Asks: 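Shown below is the structure under consideration.
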Amino acid sequence: MISTSFSQRILLAATLCVSGALAQSDFDWQTLHANTTLHWTPCYSAPLQCARLQVPMDYSAPHNGVTASIAIVRFPATAPKSQYRGPLLFNPGGPGGSGVDAIVGAGAEFATVFGEQFDIVGFDPRGVSYSTPTISFFKTEAQRRFLVPSPNNVLYASFNASSSSLADSYANMHLLGKLAVDNDPNQYLQHMSTDNIARDMLTITEAFGFQKLQYWGISYGSVLGATFATLFPDKVGRLIIDGVEDMNSYYTANFTNGMLDTDKSMQMFYDACFKAGPDACAFYAPSAAQIASSLAALTASVKANPIAVLTPESHGILDYVFLRNAVLDALFAPYDAFAALAQGLAALQSGNATLLYAQNEVPTFECDCSTPAPAFHLNNFEAYMTIACGDALYVNDTIPQLQQFYENGLKVSTSFADLLLTTRVLCAGYKTHREGRFTGPIGAKKTSFPLLLIGNTLDPVTAHANAVKTSLTFPGSAVLTQDCIGHTSLVASSDCTFGYMRAYFVNGTLPPPGTVCAVEAELFPFPSNGTATKRSLESAEVLKMREAGERIGSVVRAIMRRSL
Ligand SMILES: *[C@@H]1O[C@H](CO)[C@@H](O)[C@H](O)[C@H]1NC(C)=O
Ligand SMILES: *[C@@H]1O[C@H](CO)[C@@H](O)[C@H](O)[C@H]1NC(C)=O
Ligand SMILES: *[C@@H]1O[C@H](CO)[C@@H](O)[C@H](O)[C@H]1NC(C)=O
Ligand SMILES: *[C@@H]1O[C@H](CO)[C@@H](O)[C@H](O)[C@H]1NC(C)=O
Ligand SMILES: *[C@@H]1O[C@H](CO)[C@@H](O)[C@H](O)[C@H]1NC(C)=O
Ligand SMILES: *[C@@H]1O[C@H](CO)[C@@H](O)[C@H](O)[C@H]1NC(C)=O
Ligand SMILES: *[C@@H]1O[C@H](CO)[C@@H](O)[C@H](O)[C@H]1NC(C)=O
């Protein structure tokens, strides 16, 4: 996802010494040597296999001896050889999300949903996670933890948390931009760009012995997919982009158009809470407007009186920026988060900040201070800044220009412009761009296979209008609408959406124009009757698919939450 609150997400990215939900450390990638051909080694748990693919660092000088190594994992196809259809690549967004983690977490479920004819392939984009050289701005992890924004160490959060917020983050982002240059003696960072990641996807596909890409990308993965289709229109085998960004906005570091539905998403929390009633929504009040004003009152209260919190896991301050980030975070994945957010807010309202804090906390940093930074594969923040800002036009806005940019953005979203637009401040600090990189425009008169685009009716950071707009630049493509709130189709499992995706990958069928898919999840489920009764009515086949879809969703949402 391109634009979001940095604060919680970033520090989640930095939990080096704390094992995550995904078994990330179960395989030592350093034991694999990169090669220009794929040599598979069993890894993690059977039947997963891993390989490192050697690619040119600079595709304009492919034989200069400087290379990058792409970490690749596959869940191998199980269909008979005669039905084998080659690799299907997945990108979980960011930029900076790990595709390896996605397939390690849910490879079997991807195969269940999309078909056993495919090798389900996760790769870490160049510079990201297990791919090397790693994007890193710091010499040690301890240095990183002091400078990378986090909930307990907020450098970069809101345009209006205080009168100095903007100037402070402007200066801090310039510091990070200078550290990026200082820690990049070989000038690799300029090559960590989306056009090169797209070229790598073609190299990966060719290494499998295929000519055309089969791909599903969500959030930033939509930029990657659309860039691929623009650069290589005759190499499109199957290509789904989901949670589609405004492409021109991405390539100009202007996230304003992403926020077209942010306010409506916020309003949905109030409306759905009211509609659910006091038993299902703990923050209920007798009208949606009263729920909104309760939240405004709480926000003002913690702004005036920030609350110190200690939990068994960590300690920190629940303040204005923390609270606003917690609410924005819930808009990304409302089917997971709305009921819990309501409980956290209700507890806060009655004087107990612990629950809301704990829902968004990150375990306290515990590490050997001398551990070198490049050893850590969780480099989401640096990867985001390098790829997103390095791709975009040079942003040399002054502080007054940034202030003006924010004020213009308020015309699009009053609820979260102060958080979402801070990504431009980040890019104002970043100074490493490659001459001649791809910066748009996106689109192709004809692609070798039509694209499928997916947009939710209400997505807080990639509005449905962006999917429609992007579709117009790829004649013949289709837009599938998923009727739900949240970021990307993976926020709520839909038998209908997965059915169309499967039909597209397996049979090459596009959904009819105007197709709208319902989802099975509820925003404020009643704990007692929830999903159990509904499930008992479904066939075993439908349930198997749905459970696989839900597992993919929860694994990928965890990765997105760590990413930006
Ligand atoms: C790459 O693999 C080939 C076999 O396909 C092998 O001959 C070669 O030595 C390998 N190169 C490296 C650098 O390991
Ligand atoms: C950003 O995008 C918005 C909406 O398209 C536009 O009004 C605004 O002028 C743009 N700002 C900059 C600095 O490009
Ligand atoms: C506050 O909430 C936490 C988490 O729900 C709970 O463990 C704790 O007992 C509560 N504290 C008080 C004083 O009620
Ligand atoms: C940034 O500044 C340079 C010179 O200082 C100027 O040429 C360029 O147009 C500026 N870029 C933007 C996007 O304003
Ligand atoms: C900060 O800006 C947001 C809009 O982005 C607005 O809703 C909020 O009231 C502002 N808060 C303060 C304290 O000015
Ligand atoms: C693909 O097409 C065949 C023949 O029309 C059909 O039986 C099958 O259900 C389709 N598969 C998917 C996944 O839509
Ligand atoms: C769940 O229970 C609530 C309250 O008992 C009821 O209003 C609602 O209709 C039920 N929902 C389903 C899907 O059965």
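Both counts, for ligands and for their atoms, begin at 1 and track the order of listing. This structure is a prediction, so every number in the text was calculated from the model and none was measured.
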Asks: Report yes or no: is the cationic atom of Arg238 (NZ for Lys, CZ for Arg) under 6.0 Å from the centre of the six-membered ring of Phe449, at an angle within 45° of the ring normal?
Replies: yes
Asks: Counting only N and O atoms by type, is there a donor-acceptor contact under 3.5 Å from the side chain of Glu520 to the main-chain atoms of Asp495?
Replies: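 Such a contact is found between Glu520 side chain and Asp495 backbone.
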Asks: Which protein non-hydrogen atom lies closest to atom 4 (C) of ligand 2, naming both residue and atom, and how far is it?
Replies: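 Minimum-distance protein heavy atom for atom 4 (C) of ligand 2 reads Asn257 OD1, 3.4 Å.
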Asks: I'd like to know if Arg424 and Asp397 make a salt bridge, using a cut-off of under 4.0 Å between side-chain N and carboxylate O.
Replies: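 Yes, charged N to carboxylate O under 4.0 Å.
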Asks: For atom 14 (O) of ligand 6, what is the nearest protein heavy atom, given as residue, atom name and distance?
Replies: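 Answer for atom 14 (O) of ligand 6: Ala503 CB, 3.4 Å.
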Asks: Just to confirm my output: which protein heavy-atom neighbour is closest to atom 13 (C) of ligand 3, and how far is it?
Replies: Asn352 ND2, 4.4 Å
Asks: So for ligand 2, is Asn254 a polar contact partner (N or O within less than 3.5 Å, distance only)?
Replies: yes
Asks: Measuring to protein heavy atoms, does anything land under 4.0 Å from atom 1 (C) of ligand 6?
Replies: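 Looking at atom 1 (C) of ligand 6, one finds that a protein heavy atom does lie closer than 4.0 Å.
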Asks: Evaluate the ring planes of His433 and Tyr394, with Trp represented by its six-membered ring, and classify them as parallel (under 30°), tilted (30 to 60°) or perpendicular (over 60°).
Replies: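 Judged by the thresholds at 30° and 60°, the geometry between His433 and Tyr394 is tilted.
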Asks: Do the charged groups of Asp119 and Arg85 touch, with an N to O distance under 4.0 Å?
Replies: no
Asks: Can you tell me the protein heavy atom closest to atom 5 (O) of ligand 3 and the distance?
Replies: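 Protein heavy atom with the smallest distance to atom 5 (O) of ligand 3: Leu355 CB, 4.0 Å.
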Asks: Protein heavy atom under 4.0 angstrom of atom 11 (N) of ligand 3, is there one?
Replies: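 Given the 4.0 Å cut-off, atom 11 (N) of ligand 3 counts as touching protein heavy atoms.
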Asks: What part of Asp397, side chain from CB on, backbone N/CA/C/O, both or neither, has a heavy atom under 4.0 Å from ligand 2?
Replies: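 Answer for Asp397: neither.
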Asks: Taking only non-hydrogen atoms of Asn408, do any sit less than 4.0 angstrom from ligand 2?
Replies: no
Asks: Please tell me whether Phe110 and Phe90 form a close aromatic pair, meaning their ring centres lie under 6.0 Å apart.
Replies: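 Centroid separation for Phe110 and Phe90: below 6.0 Å.
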Asks: Identify, for atom 6 (C) of ligand 6, the protein heavy atom at the shortest distance, and state residue, atom and that distance.
Replies: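 The protein heavy atom lying closest is Asn507 ND2, 4.1 Å.
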Asks: Verify, without hydrogens or angle tests, whether Asp391 (side chain) and Thr194 (backbone) share a donor-acceptor contact under 3.5 angstrom.
Replies: yes
